[in-house]
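Input: a single structure, listed below in structure tokens.
As the structure is a computational prediction, the values presented were derived from the model and not from experiment. Throughout, residue positions are numbered sequentially from 1 according to the sequence presented.
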Amino acid sequence: MSTASPIASDTDRQTVELLLRFTRSAHEAGGYPANELEPRVAELGDALGLHGVQVSATPTVVEIAVGSIPQQQVYVLRVKPHPVDLYTIGRLDEISAAVADGRIDRRRALDEISELHGHPLRRPRSLVVLVHGVIGAALAPIVGGGWRESIGAALVGLTVGFLTRVILRGERFEALVSPLGAFVASFFASVLACAGFGIAVANVTFAALVVLLPGMLMVIGIRELAAHHLEAGVANSVGALVQLVGLAFGVAVGRSLVATWLGPIPTTSPEGFGVAVKIIAAAVVGLGFVITLRASLRDARWTCGAAVLAIVANLVTSAFFGEVAGVFVASLVVGIVGNVIGRRLRHSSLAFIVPGLLMLVPASIGFESADNLLAGWTLTGIGTAFDTIVTLLAIAYGFLAATIALPIKSPTSPAHTAS
């Protein structure tokens, strides 16, 4: 939709088209809070020579105004939330930097965005399913499990990956992925325990479900609320809550069926690994993030490094400052390191920040909270829900403090284009 007079020339129309296509692609790449997507689009508009660019982004609508108020043109893009796609984010940064530097013209930039949209980075489904099992096995020690839990989480993770990536494909199944994935994880983990495998069901279930937990969506929602982007923050926070409740519902159903058909589910205390194993496991999870977050292979060093840094920073800072303050400092460290890497390499800092924050998100606390509420343990559920909110705020404010201490620079910002 537009108001006022039409764009004057073909060049102007091509410039506006490039800005709109870039905006849609950046939104569909996920990972950007509204308070970061908006200035990124405005900076690209300035680099393209468009004046008075104003942007308002929500999870479902992006509005862009171009020009002075008397001759302002307003454009509305209908969009929808998407999972994080680090490869697309990186390519868009490269394209916008090339446009700002004058290395490619507007037509070439439009062609490259079209190519990116028409041929997104795709991995074989068999590899994606395998990674679900690998991440489950690696996360089991991090959440307190032992070797039995790692084996169990690998088997259950493979089953969940096959269900969610092969059987439940397409937008029409999107609402069923969380509850059915959680049902399968809970059901098979409970069956393994009843069959005498001696596993801690809760650890195995959680480790196998981490790839389905809305950790980044929760962080983005809280981050937006903290930055006073209320509409986007509320929408993302509620969306994360709905997914969490769906996961808890699926777990409750799976556990209930096994208890009804096979009898009481055995309770086992896991024999956890040491810190060294957890650090190695974090590196493996970071490698798995290359697949689940759709990152390029060259970004594997950043996803692995971020996951390891997040675990080490959290262990060290929590020992010195306590759990909540430790998470805040760990988030601050991850944010600053990510911003330094982004500045030095003129590359999106999200390739480092997103995996790091995902390792810090206390998704297990939020998951247990919803699970407790569904199971009728209301007081416990409310208490753990409050702990989740406080810890998420610590992560969000740590990330916010990192951007204040060392602001994120997009490839089209003046500091970058002058370098």
Note to self: Test of understanding: with salt bridge (charged side-chain N to carboxylate O under 4.0 Å, His left out), list the residues that count as partners of Arg91, not counting sequence neighbours.
What the structure shows: Glu94, Glu112
Next item on the list: With sequence neighbours left out, write down each residue that passes side-chain contact (heavy atoms from CB on, under 4.5 Å) with Val84, or none if nothing qualifies.
Entry: Leu86, Met216, Leu293, Val354
Next item on the list: Give a yes or no on whether His117 atom NE2 has more than 12 heavy-atom contacts from other residues, nucleotides or ligands under 6.0 Å away.
Entry: no
Next item on the list: Mind checking side chain to side chain donor-acceptor pair (under 3.5 Å) for Asn236 and listing every partner two or more places apart, or none if nothing turns up?
Entry: Glu224
Next item on the list: With sequence neighbours excluded, give me every salt bridge (charged side-chain N to carboxylate O under 4.0 Å, His left out) pair touching residues 120-130.
Entry: none
Pairs under 3.5 angstrom only: tabulate donor-acceptor contacts from the side chains of residues 21-28 to other protein residues two or more places apart or in another chain.
from, atom 1, to, atom 2, distance (Å)
Arg21, NH1, Glu17, OE2, 3.1
Arg21, NH2, Ser114, OG, 2.1
Thr23, OG1, Leu19, O, 2.7
Arg24, NH1, Arg78, O, 3.0
Ser25, OG, Arg21, O, 3.0
His27, NE2, Thr58, O, 3.0

Note to self: Consider side-chain contact (heavy atoms from CB on, under 4.5 Å). Of Leu48, Asp46, Val41, which one does Leu44 pass it with?
What the structure shows: Leu48
Note to self: Using the side chain to side chain donor-acceptor pair (under 3.5 Å) criterion, which residues pair with Ser256? Sequence neighbours excluded.
What the structure shows: none
Notebook entry, point to check: Which atom pair, heavy atoms only, marks the closest approach of Ala153 to Ala207?
Noted result: CB-CB, 3.9 Å
Check: Looking at Ser186 and Ser190, what are the two nearest heavy atoms and their distance?
Finding: O-OG, 2.8 Å
Note to self: Suppose we screen for side-chain contact (heavy atoms from CB on, under 4.5 Å). Which residues come up paired with Ala189, at least two apart in sequence or across chains?
What the structure shows: Val156, Val201, Val204, Thr205
Check: With distance as the sole test, does Arg169 use its side chain to make a donor-acceptor pair with the main-chain N or O of Val166 at under 3.5 Å?
Finding: yes
Checklist line | Distance-minimising heavy-atom pair for Leu77 and Leu20 | finding: CD1-O, 3.7 Å
Item checked: For the student: nearest non-hydrogen atoms of Ala402 and Leu332, plus distance -> N-CD1, 3.5 Å
Note to self: Please check: side-chain N/O of Thr403 versus main-chain N/O of Leu400, any donor-acceptor pairing under 3.5 Å?
What the structure shows: yes
Checklist line | Partners passing side-chain contact (heavy atoms from CB on, under 4.5 Å) against Leu287 (at least two apart in sequence or in another chain) | finding: Ala300, Cys304
Notebook entry, point to check: Can you check whether Met218 reaches Leu244 side chain to side chain, under 4.5 Å on heavy atoms?
Noted result: yes
Next item on the list: Return yes if some donor-acceptor pair links the side-chain N/O of Glu149 with the main-chain N/O of Gly146 below 3.5 Å, else return no.
Entry: yes
Checklist line | Residue pairs fulfilling ring-ring contact (aromatic ring centres under 6.0 Å, His included) with at least one residue in residues 154-185, sequence neighbours excluded | finding: Phe183-Phe187
Margin query: Donor-acceptor check, side chain of Ser331 to backbone of Ile395, threshold 3.5 angstrom: yes or no?
Written below: yes
Note to self: For Glu115, give me all partners under side chain to side chain donor-acceptor pair (under 3.5 Å), at least two apart in sequence or on another chain.
What the structure shows: His119
Notebook entry, point to check: Is there a donor-acceptor pair under 3.5 Å between the side chain of Asp299 and the backbone N or O of Tyr87?
Noted result: no
Note to self: If you compare all heavy atoms of Leu209 against all heavy atoms of Gly181, which two are closest, and at what distance to 0.1 Å?
What the structure shows: CD2-O, 3.7 Å
Notebook entry, point to check: Should the heavy atoms of other residues, nucleotides or ligands under 6.0 Å from CZ of Phe188 be counted, would the total exceed 12?
Noted result: no
Notebook entry, point to check: Do Ser318 and Asn314 have side-chain atoms, one donor and one acceptor, less than 3.5 Å apart?
Noted result: yes
Check: Of all heavy-atom pairs between Ala394 and Val327, which one has the smallest distance, and what is that distance?
Finding: CB-CG1, 4.4 Å
List the atom pairs, with distances to 0.1 Å, where a side-chain N or O of residues 274-283 and a protein N or O form a donor-acceptor pair under 3.5 Å, not counting sequence neighbours.
none

Notebook entry, point to check: For residues Arg106 and Thr15, is any side-chain donor paired with an opposing acceptor at under 3.5 Å?
Noted result: yes
Check: With Asp111, which residues qualify under side-chain contact (heavy atoms from CB on, under 4.5 Å), at least two apart?
Finding: Arg107
